[in-house]
Colleague: 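Mind looking over this structure? Questions follow.
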Amino acid sequence: MYRTHTCGELRINHVNETVTLSGWVQKIRNLGGMTFIDLRDRYGITQLVFNSETHQELCNQARELGREYVIQIEGNVAERSNKNTKIPTGEIEILVDQFTILNSSELPPFTIEDDTDGGDELRMKYRYLDLRRNMVRKNLELRHRMGFEVRNYLNSQNFIETETPVLIKSTPEGARDFVVPSRMQPGQFYALPQSPQVFKQLLMVAGFDRYFQIVKCFRDEDLRADRQPEFTQIDCEMSFVDQEDILNTFEGLAKHLFKTLRDVEIEGDFPRLSYEDAMKYYGSDKPDVRFGMKFVELSDLVKESGFKIFDEAEYVGGICAEGCAGYTRKQLDKLTDFVKKPQIGATGLIYIKYNTDGTVKSSVDKFFSSEKLLEICGSANAKPGDLVLILAGVRKKTLTALCELRLEMGEQLGLRDKNKFSPLWVVDFPLLEWDEDAQRFFAMHHPFTSPKKEDIHLLDEAPGKVRANAYDLVINGVEIGGGSIRIFNDELQQKMFSVLGFSPEEAEEQFGFLMNAFKYGAPPHGGVAFGFDRWVSLFAGIDSIRDVIAFPKNNAGRDVMIDSPSQVSSEQLEELNLALKLKEAALNK
RNA sequence: GGUCUGGUAGUUCAGCUGGUUAGAAUGUCGGCCUGUCACGCCGAAGGUCGCGGGUUCGAGUCCCGUCCAGACCGCCA
């Protein structure tokens, strides 16, 4: 038997028991006549003592140990004379009688501690060592518990977890597919699913009624801190539901997860915000509503002042930063630089300081009277002591920039507390969005999303105005998930394909199986999918999803530990009927 | 595809306008130490300054290219 207890469970009431422990050597403190070793496993740390007076030989052996050696010890649990209140096992220690080295270890390239000295690159290369660290392991334990609670809740609501295939078919629209060559069908390829979308709809046709799956999805697009080429979704679909039923069901899931994983009670219904209002008040379809600072449109108020920037702007909007009237020139310059960064793209920043004495000071004093500036402050709901920040320009771009500025101010003012959670549903998304390059409409959500009944008549005359039965769950400015009520009528689906520019033949070739299925009594249905990794990282209070994934890939889609992707042998290529034709840039690598 | 930041000891970093032998902390190794738990004290080893080219009497430092890593824009229904 390798162990009778784990390294995290022994307490004062175990004193005098003889125990066997196995684990890794975390730290050796050699005091000469006496040596202490911290023995670590997943469950905790237990201190071992070697005393040269009573166990000279053992003491000598203990000195031979190194960090991360795997050892097994037998000894007696004793009460410490000097207790350590910082750890749960700190009242006891093990007087070791014998020990065995189960495995030696090379010196690890970084220290296995909470505050490691390892940089990201090293930690990824030696991920199995990084995973020994509390921080990373705790994230994965949270992930485990969350998966468990998702299953618990959805099971209690009669959902059936059903697996869907991973080798499927490439379709146009949406993200770039990962493709897998078929050996048995020369020249043909499978695609890895971007989501199990059509399968879950087919399960509804099959009468499964309530489906879910915690499932890997794949998208071959460029990565970010919160985007991996393979990621996990909580994928769900329900029959005989309208939007209201879905929002209620999954609001229930969200509340259950908040309660069980973070012990947070979310009072009342999640607020709902139309896409239009989200853009108008926050410049984003995933607003962070932990704080206010809503946009105020000032376009009409500031026109014809002779200030060219405002006069020529399609949109002028501002936010009110509470209590910031005291900002120095330096701070304001820094904010100006911030909004002028190419990624944000504003041309400049206008401010009005509403001083505590009731006076105003602005960067556009030349063009506006004090009365006018006060009026602007009034519309922006500013009170003495506040600072109004204004951007102007093309509507869409300015809203986006103002969104970034708002988030930056929220950050500076400490309004984005990681332990505060503000969920909301963003609803009434547009069904379609116009693509300038392709000169056609694309489905904003996906081609199976149903238009709002009252907007269907607009499909021909003004497709861009049609709203969809689509919704996103947004928490703290992070898009946690989204979904829609689907089209379940063959005719409407064909109509949708035609608006998207598919010929009937193309639609038949790509999605014939789905439309065919819809001919056999498809129930009304709809669903939602949540980004599991993002949700876990939100609960863990971290910004990157990499640390809630056991073996993530880097920002170039590379696994630096196993060194993938990699080349395959010419025999493998031959077998797959593939020949490589590399571009020059690829050859240089 | 683009923008930005970084790459110096095992590790995390410092290294100014180019100028003597490239430093600190930590880790490692050796010695001392019987109550440590960030143990302490003494000592030692440890460097292709990512790689290639250029400018210069002289390059870790400046320039060009390139590779790697990270953040972001485009992209991601």
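Lettering follows sequence order; numbering is per chain, from 1.
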Colleague: Nearest-Å distance, CG (A:Asp222) to C1' (B:G70)?
Modeller: 14 Å
Colleague: Any non-hydrogen side-chain atom of A:Asn51 less than 4.5 Å from a side-chain atom of A:Leu95?
Modeller: no
Colleague: For B:U36, does the base pair up with any side-chain atom of A:Asn82 as donor and acceptor (N or O, under 3.5 Å, distance only)?
Modeller: no
Colleague: Does B:U36 have its OP1 or OP2 closer than 4.0 Å to a side-chain nitrogen or oxygen of A:Lys27?
Modeller: no
Colleague: Let's see if you can work this out: which of B:C76, B:A69, B:U3 has an atom nearest to the side-chain heavy atoms of A:Ala175?
Modeller: B:C76
Colleague: Search all heavy atoms of A:Leu131 against all heavy atoms of A:Arg137 and return the closest pair with its distance.
Modeller: O-CB, 3.8 Å
Colleague: Under 4.0 Å between any heavy atoms, over every strand shown, what does A:Phe36 touch: base, sugar-phosphate, or nothing? Just pick one.
Modeller: base
Colleague: Applying salt bridge (charged side-chain N to carboxylate O under 4.0 Å, His left out), name anything that partners A:Lys452, two or more places apart in sequence or on another chain.
Modeller: A:Asp428
Colleague: Counting any heavy atom closer than 4.0 Å, what does A:Glu113 reach on the DNA or RNA strands: base, sugar-phosphate only, or nothing?
Modeller: nothing
Colleague: Watson-Crick or G-U wobble partner for B:G46, using a 3.5 Å limit on both distances?
Modeller: none
Colleague: Looking at every strand, decide which applies to A:Arg67 at a 4.0 Å heavy-atom threshold: base, sugar-phosphate, or nothing.
Modeller: sugar-phosphate
Colleague: Looking at B:U34, B:G74, B:G70, which one has an atom nearest to any side-chain atom of A:Asn555?
Modeller: B:G70
Colleague: OP1, OP2 of B:C73 versus side-chain N and O of A:Arg224: anything below 4.0 Å?
Modeller: yes
Colleague: If we only count heavy atoms from C-beta on, is the A:Gln194 to A:Phe178 side-chain gap below 4.5 Å?
Modeller: no
Colleague: For the side chain of A:Asn30, starting at C-beta, report the closest nucleotide among B:U34, B:C75, B:C33.
Modeller: B:C33
Colleague: Regarding A:Ser195, tell me which of base, sugar-phosphate or nothing describes its non-hydrogen contacts under 4.0 Å with the strands shown.
Modeller: base
Colleague: Under the salt bridge (charged side-chain N to carboxylate O under 4.0 Å, His left out) rule, collect the residues that match up with A:Glu221, sequence neighbours excluded.
Modeller: A:Arg176
Colleague: Considering every strand and a 4.0 Å limit on heavy-atom distances, what is the contact class for A:Leu107: base, sugar-phosphate, or nothing?
Modeller: sugar-phosphate
Colleague: Paired with B:A71 by Watson-Crick or G-U wobble geometry, both distances under 3.5 Å: which nucleotide is it?
Modeller: B:U3
Colleague: Answer with yes or no whether A:Arg29 presents, from its side chain, a donor or acceptor under 3.5 Å of a partner atom in the base of B:C33.
Modeller: no
Colleague: By salt bridge (charged side-chain N to carboxylate O under 4.0 Å, His left out), which residues pair with A:Lys418, not counting sequence neighbours?
Modeller: A:Asp543
Colleague: Just checking A:Lys125: base, sugar-phosphate only, or nothing, at a heavy-atom cut-off of under 4.0 Å?
Modeller: nothing
Colleague: Whole angstrom is fine here: how far is it from CD1 in A:Ile45 over to C1' in B:C37?
Modeller: 10 Å
Colleague: What is the nucleic acid contact for A:Arg546, judged by heavy atoms within less than 4.0 Å: base, sugar-phosphate only, or nothing?
Modeller: sugar-phosphate
Colleague: Roughly how many Å apart are B:G10 and B:A71, using the P atom of each and rounding to a whole number?
Modeller: 26 Å
Colleague: Using a 4.0 Å heavy-atom cut-off, does A:Asp220 contact any base of the nucleic acid, only the sugar-phosphate backbone, or nothing at all?
Modeller: nothing
Colleague: Give every donor-acceptor pair under 3.5 Å between a side-chain atom in residues 472-481 of chain A and any protein atom, sequence neighbours left out.
Modeller:
residue  : atom : partner  : partner atom : Å
A:Asn476 : OD1  : A:Ser422 : N            : 2.8
A:Asn476 : ND2  : A:Lys420 : O            : 2.9

Colleague: For A:Gln47, which contact category applies under a 4.0 Å heavy-atom criterion: base, sugar-phosphate, or nothing?
Modeller: base
Colleague: Can you figure out which of B:G74, B:C68, B:C73 approaches the side chain of A:Glu121 most closely?
Modeller: B:C68
Colleague: Under the salt bridge (charged side-chain N to carboxylate O under 4.0 Å, His left out) rule, collect the residues that match up with A:Arg272, sequence neighbours excluded.
Modeller: A:Glu244
Colleague: Mind running a 4.0 Å heavy-atom check of residues 86-99 of chain A against RNA chain B and sending the residues that fall below it, in number order?
Modeller: A:Lys86, A:Glu93
Colleague: Which whole-number value in Å describes the distance from A:Lys340 NZ to B:C72 C1'?
Modeller: 20 Å
Colleague: So which one's nearest nucleotide on RNA chain B is more toward 5', A:Arg63 or A:Ile28?
Modeller: A:Arg63
Colleague: With heavy atoms under 4.0 Å as the rule, sort A:Ile344 into base, sugar-phosphate or nothing.
Modeller: nothing
